[in-house]
Structure formats: C-alpha cells, structure tokens
Protein chains: 2
Amino acid sequence: MTDGQLGAADGLAQLSFLVYGALERRAARHDLSIVATRLLGTLRDRTPSMNELAQLLVLDKSSITGLIDRAERRGLVERVPSTTDRRAMQVALTEKGRSLVSEVATDFEADVSAILDALPKSGRQALSRLVSRVLVANAADRGIDLFP
Amino acid sequence: MTDGQLGAADGLAQLSFLVYGALERRAARHDLSIVATRLLGTLRDRTPSMNELAQLLVLDKSSITGLIDRAERRGLVERVPSTTDRRAMQVALTEKGRSLVSEVATDFEADVSAILDALPKSGRQALSRLVSRVLVANAADRGIDLFP
DNA sequence: TATTGTTATACTCTATAACTATA
DNA sequence: TATAGTTATAGAGTATAACAATA
C-alpha cells in the first residue's frame, strides 16, 4: 500500500480535488465562492475589462456581470469606466478586497504547507519547481502572461 | 519572466485550476458535472453507502440523494439495498457507467499528457512520484484508503 | 434514542438570448 | 456591422430542516 503509485492523470486529479477543496473551504469561511476567490486573486496584479475577465475565469460575460455585481456590493471590487472605450469597464480591487484576498491567501498557504508536510524540504522545492515549469508553459500556450 | 517562480500555494492553486478545468471540460462533453465524474471515478473500485459517498465527496447526504438520482436515471449507477442494514443503500457502477468513466478517463489522460508536455520524461516521473507521496499521506490523514 | 436516507424548499451560480450603447 | 456589457430567464446543484424506516 505504501508503495502504491498512481498514474499521472489520477494523481493530478486527486491532488487537484485536495487543493481545490482546501481553497474552497478557506474561501467559504469568508463567504467567498471559489470563483469569487479566483476573481480577487486575479485582480491582485491586473485591472482587466469584463471581457478579459470572462476569458481569464472561463465564464460567460453574463456570469461576469453577476460575479462583479456581488463583489462590488460587498465593496471588494469596483468598476472603473475605461478611458479609451466608452462601452468598456475595467475591474479593480478595492483596499477591502485586497486585504480579504490576502487573508484567504495566508490561510490557504497554511493548508498547502500541511498538504505538503509529507515531503522533505527538497521534495517540496522540487515539486514547486516542476509545477512552476508546467504552469509557465501552459500559460504561454493560452497566451496568458503569468507575471503581468 | 521565464525564470519566474511561483510560491507553492499559488503554484498548486493554479495547477489545480488547470487540471480541474480540463477534467470539467472533458466531463461536460459527456454531460457530466465534475462531481458526477468524481462519483463515477470513486465507484470504479468501491461500492459505498450513501453516507460513505457523502464523506468521500464532501457533500451533504441530501445532495448525494439527488446526485445518485440523476446518475441512476441515466443508467450509470444503481442503488443496491445493503444486506446488513435495511436502512442503508449501496451504490454500484453499472456497465454503462463503467464504460463512460473509462472514456472520460482516457480523454483526460490526453489532457494531462499535454499539460505535462513541457517537462522531460524524468520531470514527469519525478512529479508523479511526489504527487503520489503527498496523496497517500493525506488520504491516510483523512482515514481514507487510496487503494481499497 | 440514534442513524440512514429521502423529501420539500430556498439559494447561489451558470449559460442563453435579447437588448442598449458605443465602436 | 461588430463589440462591450447588461438584463431576463431557466436550469443545475447545493444545503437546511423535517420526516419515515430501521438500528
């Protein structure tokens, strides 16, 4: 049993459920859905239009309207009219939103530490390095800059 | 930028979104939600009660009722009365369910291969090994046997 | 009494289609 | 004409609370 080894697909799927579930639970304690949390996380280093958000979060633009409505009502984000296109809106994190996402991030980091606890330091470093490589390559494939 | 390195938490979160999203899209093509897909995946090597499913999928038992209703209506699973507890039901995969989950798994494996394409073979092996170790440890923590 | 599962219900989130206003 | 965003609407999936049957 301790020697059992999952295939890459099963392993990554289960790891995703584990990580995704941890983030979901942390977010829920702050009354955030996982999509709302991703929104706030995305806005930490971007001020995208509604349309760009739809692409980044892989949601329909009508879903983005509701998502931003709810977040704006809570004072977490704000719509700023674009200066170059009077049809367009840009979405920005408020100070309240920034501090909330930072709280969630801190909590979530503790979860990830616990999840990776079984690995020695060298293993955790190796994993982070491999994961980063995968992400950079895949972000490039989708035309998204991981470090805007 | 190509040298950028994400922290473990950000990296694992983004990797989870990537993997989770891939599975979600594959599942959707077969009219399966990600939870329904997890259900079928779980049933590949188990015949749990409704209650056990609620624990495995981290859902309320009333949600499990609906989930199994929908899957049973499509002929993917079946409820089998427990032989030892007349209150309890056990949920089993049908042949149709087994072949569907196997299709989704095959498709998803192709996605994972593409996602890991940026890594050399040694990197993919190292990643699988690290992930397996993490999962086995975490499953043990939750009292769940990864290889029942 | 406690537990297993179901039901009734309300809520959140999502996409589709039709719309307004700009480009 | 095409695009950015909103609205109206319907559907899927979730949890809470109350319930029946059995332990």
Side-chain angles (χ1 to χ4, degrees), chain A residues 17 20-21 23-43 46-74 76-92, chain B residues 17 20-21 23-43 46-74 76-92:
Chain A
F17 298 148
Y20 200 93
L23 184 54
E24 201 164 32
R25 279 188 298 281
R26 286 302 191 177
R29 289 189 205 164
H30 297 277
D31 271 305
L32 288 172
S33 69
I34 198 139
V35 174
T37 306
R38 288 186 63 191
L39 166 69
L40 301 187
T42 297
L43 295 182
R46 268 172 257 244
T47 307
S49 69
M50 301 292 280
N51 236 328
E52 287 164 344
L53 272 177
Q55 290 172 337
L56 287 164
L57 301 178
V58 195
L59 290 175
D60 188 82
K61 54 184 180 162
S62 67
S63 304
I64 300 294
T65 297
L67 180 66
I68 301 303
D69 282 351
R70 295 186 290 275
E72 198 168 29
R73 220 174 290 136
R74 287 176 60 181
L76 303 177
V77 306
E78 56 185 355
R79 282 175 168 93
V80 180
S82 162
T83 53
T84 56
D85 185 337
R86 286 194 302 173
R87 294 170 303 182
M89 286 290 180
Q90 286 181 291
V91 183
Chain B
F17 297 148
Y20 200 94
L23 184 54
E24 201 165 32
R25 279 189 298 281
R26 288 300 191 180
R29 290 190 203 163
H30 298 276
D31 271 304
L32 288 173
S33 69
I34 199 138
V35 173
T37 306
R38 289 185 62 189
L39 166 69
L40 300 187
T42 298
L43 296 182
R46 267 172 258 246
T47 306
S49 70
M50 301 293 278
N51 236 330
E52 287 164 344
L53 271 177
Q55 290 172 335
L56 286 165
L57 301 178
V58 195
L59 289 176
D60 189 84
K61 55 185 179 162
S62 67
S63 304
I64 299 293
T65 297
L67 179 67
I68 300 303
D69 282 351
R70 295 187 290 275
E72 197 167 30
R73 221 175 289 137
R74 289 176 59 182
L76 304 176
V77 307
E78 56 185 356
R79 283 175 168 92
V80 180
S82 162
T83 52
T84 55
D85 184 337
R86 286 194 302 173
R87 294 170 304 178
M89 287 291 178
Q90 285 182 290
V91 182

Please assess A/Leu39 against A/Leu76 for the test side-chain contact (heavy atoms from CB on, under 4.5 Å), listing each intermediate value before the final yes or no. CA-CA 10 Å; A/Leu39 166 69; A/Leu76 303 177; over 6 Å; no
Would the base of D/dT14 count as contacting B/Ser62 through its side chain, where contact means a donor and an acceptor less than 3.5 Å apart? no
Side-chain contact, heavy-atom cut-off 4.5 Å: B/Gln90 with B/Arg79? no
Is there a residue in residues 77-86 of chain A whose heavy atoms reach under 4.0 Å of DNA chain D, and which residues are they? A/Arg79
Atom OG1 of A/Thr47 and atom CG of A/Leu53: how far apart are they, to the nearest 0.5 Å? 10.0 Å
Please compare A/Arg87 and A/Asp60 by the position of their nearest nucleotide in DNA chain C and report the one closer to 5'. A/Asp60
Aromatic plane relationship, A/Phe17 with B/Tyr20 - under 30° parallel, 30 to 60° tilted, over 60° perpendicular: perpendicular
What integer distance in Å separates B/Arg38:CZ from D/dG13:P? 15 Å
Do any of residues 63-70 of chain A sit with a heavy atom less than 4.0 Å from DNA chain C, and if so which? A/Ser63, A/Arg70
Nearest-Å distance, CZ (A/Arg25) to P (D/dT14)? 15 Å
To check you understand the geometry: which heavy-atom pair defines the closest contact between B/Met50 and B/Val91, and what is its length? SD-CG2, 3.6 Å
Expressed as a whole number of angstroms, how long is the span from A/Gln55:CD to C/dA15:P? 14 Å
Are A/Asp60 and A/Ser62 linked by a side-chain donor-acceptor pair shorter than 3.5 Å? yes
Return each pair, listed once, that meets side-chain hydrogen bond (donor to acceptor under 3.5 Å, both in side chains) where at least one residue sits in residues 27-43 of chain A; pairs must be two or more places apart or across chains. A/His30-A/Asp107
Expressed as a whole number of angstroms, how long is the span from B/Ile34:CD1 to D/dT14:P? 11 Å
When the distance from CG of B/Leu32 to P of D/dG13 is rounded to whole Å, what number comes out? 10 Å
Roughly how many Å is it from CD in B/Glu24 to P in D/dA12, rounded to a whole number? 16 Å
Show the numbers, then the answer: is there a side-chain contact (heavy atoms from CB on, under 4.5 Å) between B/Val58 and A/Glu24? CA-CA 11 Å; B/Val58 195; A/Glu24 201 164 32; over 6 Å; no
By nearest atom, which of the nucleotides C/dT14, D/dG13, D/dG5 is closest to the B/Ser33 side chain? D/dG13
Describe the nucleic acid contact of B/Asn51 in one word from base, sugar-phosphate, nothing, applying a heavy-atom distance below 4.0 Å. sugar-phosphate
Write down the atom of A/Pro48, the atom of A/Leu43, and the distance for their closest heavy-atom approach. CD-CD2, 3.3 Å
Whole-Å distance separating the CE atom of A/Met50 from the C1' atom of C/dT22: 16 Å
Could you check B/Glu52 against A/Leu59 and say which one's nearest nucleotide on DNA chain C is further toward the 5' end? B/Glu52
Interatomic distance, A/Leu53 CG vs D/dT3 P [rounded to whole Å]: 19 Å
